[in-house]
Amino acid sequence: LDVYRDGYALRLIEALTTDYPGLMAMAGPADFDHVARAYIARHPSHHPSIRWYGKGLADFMASTPPYSASPAAAEMARFEWALGEAFDSPDVTPVKAEGLMALVPEAWETLSFTTLPSLRRLLLSFEVPQAWQRRTEVEPGNLEVERAAAGPVTWAIWRPELVSNFRSLEPDEAAMLDALVEGRAFPDLCEVVAAFTGEDEAPARAAGLLRAMVEGGMIAGFAH
């Protein structure tokens with residue numbers, strides 16, 4: 001029984017280690033093992049695939065002492081899970097900018113969009129994505145994550161091809177993307193942007209943001 005009990009925990013810890021390399025780089029093997037075993041004790045595996053076992057780790061860390069004393073670690077877990085979800089999302093070919101440019105002007109009055117199913121949006125108070133890119137450059141346990149100097153930042157995560165992409169969003173861009181995901185038409189997107197830029201500049205700014213989303217491979221389709 002001891003063999004099966006230990007093997008069960010070790011297999012789940014192995015899965016968590018694979019899903020959360022950035023968290024391992026922050027915590028180190030001993031502390032990672034501690035939080036992993038606490039999570040396993042609280043959340044036994046119920047899903048037939050071990051791939052989805054670690055889904056609740058970020059929420060567990062954010063709400064459970066002593067791990068809740070490190071919000072940067074919980075944010076790292078949340079970011080890494082979003083990366084994994086984006087990677088495992090269905091394959092969808094993004095639209096090309098040429099298709100939008102070919103539309104008649106009248107179409108833009110009712111034009112709405114759908115994003116790739118892989119798209120995730122996170123509001124992060126720490127420089128987690130920047131630290132995650134350095135995860136292999138330090139010994140496990142030595143990865144430092146600074147608080148975002150300008151306050152919480154919205155990040156987009158998506159997978160247009162074989163690799164998950166991520167980048168930060170400007171405040172007006174984040175608000176516009178939220179409205180776009182809701183299915184609101186382009187004139188409504190302009191109104192959202194106008195709250196940041198003013199009425200005169202809003203259409204050009206919204207069009208520029210939309211073009212960046214299309215060229216970045218975030219948009220799956222459109223209708224009018």
Side-chain angles (χ1 to χ4, degrees), residues 8-29 31-40 42-64 67-68 70-94 114-138 140-141 143 145 148 152-169 174 177-178 181 213 216-220:
Y8 170 80
L10 290 174
R11 181 67 186 95
L12 293 179
I13 292 171
E14 180 184 7
L16 293 174
T17 302
T18 300
D19 290 334
Y20 296 105
L23 184 59
M24 171 64 82
M26 291 179 68
D31 286 346
F32 188 94
D33 186 82
H34 189 279
V35 67
R37 290 181 181 275
Y39 177 69
I40 292 167
R42 184 78 63 85
H43 298 277
S45 179
H46 296 296
H47 198 283
S49 172
I50 199 172
R51 164 65 185 92
W52 304 108
Y53 175 65
K55 183 176 183 178
L57 183 61
D59 288 340
F60 171 77
M61 295 179 65
S63 61
T64 306
Y67 319 112
S68 54
S70 179
E75 282 200 354
M76 176 63 78
R78 202 173 304 282
F79 173 74
E80 292 194 291
W81 189 259
L83 283 176
E85 282 190 328
F87 183 79
D88 287 333
S89 293
D91 294 326
V92 174
T93 301
T114 56
T115 61
L116 263 64
S118 60
L119 181 67
R120 303 289 186 274
R121 304 184 306 290
L122 295 178
L123 185 66
L124 300 176
S125 297
F126 293 83
E127 295 183 348
V128 165
Q130 298 91 325
W132 184 82
Q133 292 179 304
R134 304 192 304 271
R135 68 194 182 283
T136 60
E137 300 173 5
V138 299
L143 182 64
V145 182
V153 177
T154 300
W155 288 79
I157 301 169
W158 75 104
R159 183 179 63 81
E161 295 180 346
L162 299 179
V163 179
S164 296
N165 294 351
F166 57 88
R167 68 174 177 86
S168 60
L169 303 176
L177 182 58
D178 286 342
V181 170
M213 294 176 190
M218 289 186 185
I219 307 301

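Sequence positions, counted from 1, serve as the residue numbers for this chain.
Tyr20 places no side-chain N or O within 3.5 Å of a backbone atom of Met76 that could act as its donor or acceptor partner. Within the 3.5 Å criterion, the main-chain N or O of Ser89 finds a donor-acceptor partner in the side chain of Arg159. Checking side-chain atoms of Tyr39 against main-chain N and O of Met61 turns up no donor-acceptor pair under 3.5 Å. Between the side chain of Arg120 and the backbone N or O of Ser118, at least one donor-acceptor pair lies under 3.5 Å.
Considering only residues two or more places apart in sequence or on other chains, Arg11 meets the side-chain contact (heavy atoms from CB on, under 4.5 Å) condition with Glu14, Ala15, Ile50. A search for ring-ring contact (aromatic ring centres under 6.0 Å, His included) contacts involving His34 returns Tyr67, not counting sequence neighbours. Under the side-chain contact (heavy atoms from CB on, under 4.5 Å) criterion, Pro48 pairs with no residue, sequence neighbours left out.
Note that CG of Leu116 and CD of Glu161 are 10.5 Å apart. Values are rounded to the nearest 0.5 Å. To the nearest 0.5 Å, atoms CG (Leu177) and OG1 (Thr154) are separated by 9.0 Å. The CG atom of Asp31 sits 10.0 Å away from the CE atom of Met24 when rounded to the nearest 0.5 Å. In this structure, CD in Gln133 is found 11.5 Å from CG in Leu143, a value given to the nearest 0.5 Å. For the atom pair Glu75 CD and Trp155 CH2, the distance stands at 11.5 Å (nearest 0.5 Å). The line from CG of Leu124 to CD of Gln130 is 9.0 Å long, rounded to the nearest 0.5 Å.
Counting heavy atoms from C-beta outward, Val128 and Leu122 have side chains that stay 4.5 Å or more apart. Looking at heavy atoms from C-beta onward, Tyr8 lies in side-chain contact with Pro44 at the 4.5 angstrom threshold. Looking at Ile157 and Asn165, their side chains never come closer than 4.5 Å, going by heavy atoms from C-beta outward. A heavy-atom distance below 4.5 Å is found between the side chains of Met218 and Arg167.
Closest approach of Ser68 to Ala62, counting heavy atoms only: CB-O, 3.4 Å. Contact between Val153 and Ser168 at its shortest, heavy atoms only, is CG1-CB, 3.8 Å. Smallest separation of non-hydrogen atoms from Thr17 and Phe32: OG1-CE2, 3.5 Å. The two residues Ala148 and Glu127 make their nearest non-hydrogen contact at CA-CG, 4.0 Å. Listed here is the closest heavy atom pair of Glu80 and Gly22: OE2-N, 2.5 Å. Across all their heavy atoms, Gly216 and Pro160 have their closest contact at O-CG, 4.1 Å.
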Run the numbers on Trp81 and Lys55 for side chain to side chain contact (heavy atoms under 4.5 Å, CB included), then give the verdict.
-> CA-CA 7 Å; Trp81 189 259; Lys55 183 176 183 178; 3.4 Å; yes

Applying side chain to side chain contact (heavy atoms under 4.5 Å, CB included), run through Val145 and Trp132 and close with a yes or a no.
-> CA-CA 9 Å; Val145 182; Trp132 184 82; over 6 Å; no

Pair Phe166-Phe79, ring pair (Phe, Tyr, Trp, His ring centres under 6.0 Å): steps then yes or no | CA-CA 10 Å; Phe166 57 88; Phe79 173 74; 5.3 Å; yes

Leu57/Asp19 under side chain to side chain contact (heavy atoms under 4.5 Å, CB included): CA gap, chis, key distance, verdict | CA-CA 10 Å; Leu57 183 61; Asp19 290 334; over 6 Å; no

Can you list the steps and then say if Asp59 with Arg78 is a side chain to side chain contact (heavy atoms under 4.5 Å, CB included)?
-> CA-CA 8 Å; Asp59 288 340; Arg78 202 173 304 282; 2.9 Å; yes

